[in-house]
Amino acid sequence: REMNNAGDPNTPVDLNWFCTNMTSKYTPITAYLYPAIVPQWTALKKKTEKNYNENGVIQTTTTTDYEYDSSLKLLIKESTINSNGNMNYIAYTYMNELPLGAIKSKAQELNFLDGLVSVEMGTNNTSNKKINEYSLFNNVPLISVEKTNTGFGNTLESRLVYHNYDSYGNPLYISKDSSNKTFYLWSYQGQYPIAEIKTTGYTFAELEAIVNSVFSVPSINALSTLAVPNEAKLKDGSLQKVLSKALVTTYTFKPFFGMTSVTNPSGITTYYDYDNRGRLKRTYIKEKDSNGIDVEKNIQWYDYHYQNQ
């Protein structure tokens, strides 16, 4: 509080006052002056593209203008028109434009005001719109419903409903058109999906009970938090066998490299190998020979060379 004559630590230091009044108490004095840091923002405002024919003559010119909102500097509109008179646009709205309420308050707290709320795409004669509605899942604002104006009379209809998320914000249960259900299982600490389950015959509670039994976990969210799941169960068709009323595809991954296996609804597993630089080296399946021993059968393989090598 002695650093300025206002007695307020939030008030900038008055160096003239400090040097005049405090030299007897603070000796020697070293002071530093820094230039004010002014935030800079650079954005693309206009783009012009010209297409030429083989004789160097311009065939068409296309101009795209970009508009941004004044507060968060988010892109709110792209307008494109070409020399033939064809026009199209894409307009965006974000969480910061929602009315104040529980969703927006939480979004402000989590610095999530750039969450996409709607996208409208139009041309000279038509327009299509998609709207994201948000709800609080695990006290985090996440998409609960996706709506599009593909209904009769261009009315908005719910196309996807998001029922559950894990603690990492990954969707666990999505339904489409009020009937088709898709469940997702995640793991590797929420980084990768390990199963896609398409069904009309299971509830989320029924599915969770089966998954908990197969993987010996207390919940689907607990499966998400595992550093490495039980990969043997993901490769041997365990889920495919117990979920007889669903189409199940399972995956394993090597973090920071990529997918290492995918097992389709028929229980056939395709494997992926990588070199020590993280490049895909080959894909293969395993088939049993006459002695019942697994034999690897290459599907594709890749060889990498620098030019002229």
Side-chain angles (χ1 to χ4, degrees), residues 37-99 103-104 107-108 110-134 141-162 169-171 174 176-177 180 182 184 191-193 196 258-259 277-280 300 302 304-308:
I37 299 175
V38 180
Q40 298 294 315
W41 177 66
T42 303
L44 178 65
K45 299 295 292 292
K46 183 187 288 286
K47 179 176 69 175
T48 301
E49 298 174 278
K50 297 180 180 180
N51 292 322
Y52 297 82
N53 65 13
E54 63 274 11
N55 298 316
V57 177
I58 296 175
Q59 298 295 292
T60 59
T61 299
T62 303
T63 302
T64 304
D65 292 293
Y66 301 88
E67 300 176 35
Y68 303 85
D69 87 317
S70 57
S71 58
L72 299 180
K73 312 302 183 187
L74 299 170
L75 178 65
I76 58 175
K77 192 171 184 179
E78 302 174 43
S79 303
T80 301
I81 187 168
N82 65 23
S83 51
N84 295 325
N86 297 319
M87 183 273 293
N88 62 73
Y89 69 89
I90 308 176
Y92 308 90
T93 61
Y94 301 90
M95 192 85 75
N96 65 329
E97 298 183 42
L98 291 177
I103 302 296
K104 186 172 182 179
Q108 287 177 321
L110 299 174
N111 196 26
F112 184 51
L113 289 176
D114 57 349
L116 190 63
V117 170
S118 71
V119 180
E120 182 176 352
M121 295 175 286
T123 64
N124 298 60
N125 305 309
T126 63
S127 67
N128 295 301
K129 193 169 188 177
K130 186 182 90 167
I131 292 179
N132 296 327
E133 294 183 355
Y134 287 80
L142 297 168
I143 296 173
S144 57
V145 181
E146 287 185 11
K147 294 183 175 180
T148 61
N149 64 337
T150 54
F152 181 76
N154 218 32
T155 57
L156 284 168
E157 288 185 338
S158 298
R159 305 301 291 174
L160 292 176
V161 179
Y162 294 76
N170 298 314
I174 302 172
K176 182 179 181 182
D177 302 326
N180 298 315
T182 303
Y184 295 96
Q191 294 184 81
Y192 302 105
E196 180 188 61
M259 185 167 59
R277 295 187 178 182
R279 300 174 299 190
L280 182 62
Q300 291 180 318
Y302 305 86
Y304 300 91
H305 296 276
Y306 291 106
Q307 187 175 4
N308 300 323

Out of curiosity, [X] [atom1] to [Y] [atom2], how far, rounded to the nearest 0.5 Å?
X: L113; Y: Y94; atom1: CG; atom2: OH; result: 12.5 Å
X: N149; Y: N128; atom1: CG; atom2: CG; result: 5.5 Å
X: K47; Y: T63; atom1: NZ; atom2: OG1; result: 10.5 Å
X: N82; Y: K50; atom1: CG; atom2: NZ; result: 14.0 Å
X: T155; Y: E157; atom1: OG1; atom2: CD; result: 5.0 Å
X: I131; Y: I143; atom1: CD1; atom2: CD1; result: 12.0 Å

Test item: N170 and P193 side chains (from C-beta on) under 4.5 Å apart, heavy atoms: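 No - every pair of side-chain heavy atoms lies 4.5 Å or more apart.
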Minimum heavy-atom separation for P171 and Y162, please, with both atom names.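 Looks like CB-CD2, 4.0 Å.
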Could you note down all residue pairs passing ring pair (Phe, Tyr, Trp, His ring centres under 6.0 Å) where residues 40-87 supplies at least one of them, sequence neighbours left out?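 Output for this query lists W41-Y68.
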Could you note down all residue pairs passing salt bridge (charged side-chain N to carboxylate O under 4.0 Å, His left out) where residues 120-134 supplies at least one of them, sequence neighbours left out?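 Counting only pairs at least two positions apart or across chains, the salt bridge (charged side-chain N to carboxylate O under 4.0 Å, His left out) contacts touching residues 120-134 are E133-K147.
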According to salt bridge (charged side-chain N to carboxylate O under 4.0 Å, His left out), does anything in residues 51-74 pair up with another residue at least two apart or in another chain? List the pairs.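 Residue pairs passing salt bridge (charged side-chain N to carboxylate O under 4.0 Å, His left out), neighbours aside: K46-D65.
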Pair I103-M95, side-chain contact (heavy atoms from CB on, under 4.5 Å): steps then yes or no: CA-CA 9 Å; I103 302 296; M95 192 85 75; 4.0 Å; yes
Tell me if the CG atom of N53 is crowded by more than 12 foreign heavy atoms within 6.0 Å.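 More than 12 within 6.0 Å, yes.
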side-chain contact (heavy atoms from CB on, under 4.5 Å) between Y304 and L280: does it pass, once the steps are laid out? CA-CA 10 Å; Y304 300 91; L280 182 62; 4.1 Å; yes
K104: partners by salt bridge (charged side-chain N to carboxylate O under 4.0 Å, His left out), with sequence neighbours left out: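 Residues passing salt bridge (charged side-chain N to carboxylate O under 4.0 Å, His left out) with K104: none at all.
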The criterion is side-chain contact (heavy atoms from CB on, under 4.5 Å); which residues satisfy it with E97, sequence neighbours excluded?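 Partners of E97 by the side-chain contact (heavy atoms from CB on, under 4.5 Å) criterion, ordered by chain and then number, come out as T93.
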Step by step, would you call N86 with T123 a side-chain contact (heavy atoms from CB on, under 4.5 Å)? CA-CA 8 Å; N86 297 319; T123 64; over 6 Å; no
Test ring-ring contact (aromatic ring centres under 6.0 Å, His included) applied to Y89 - qualifying residues, sequence neighbours left out: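 Checked Y89 against ring-ring contact (aromatic ring centres under 6.0 Å, His included); zero matches.
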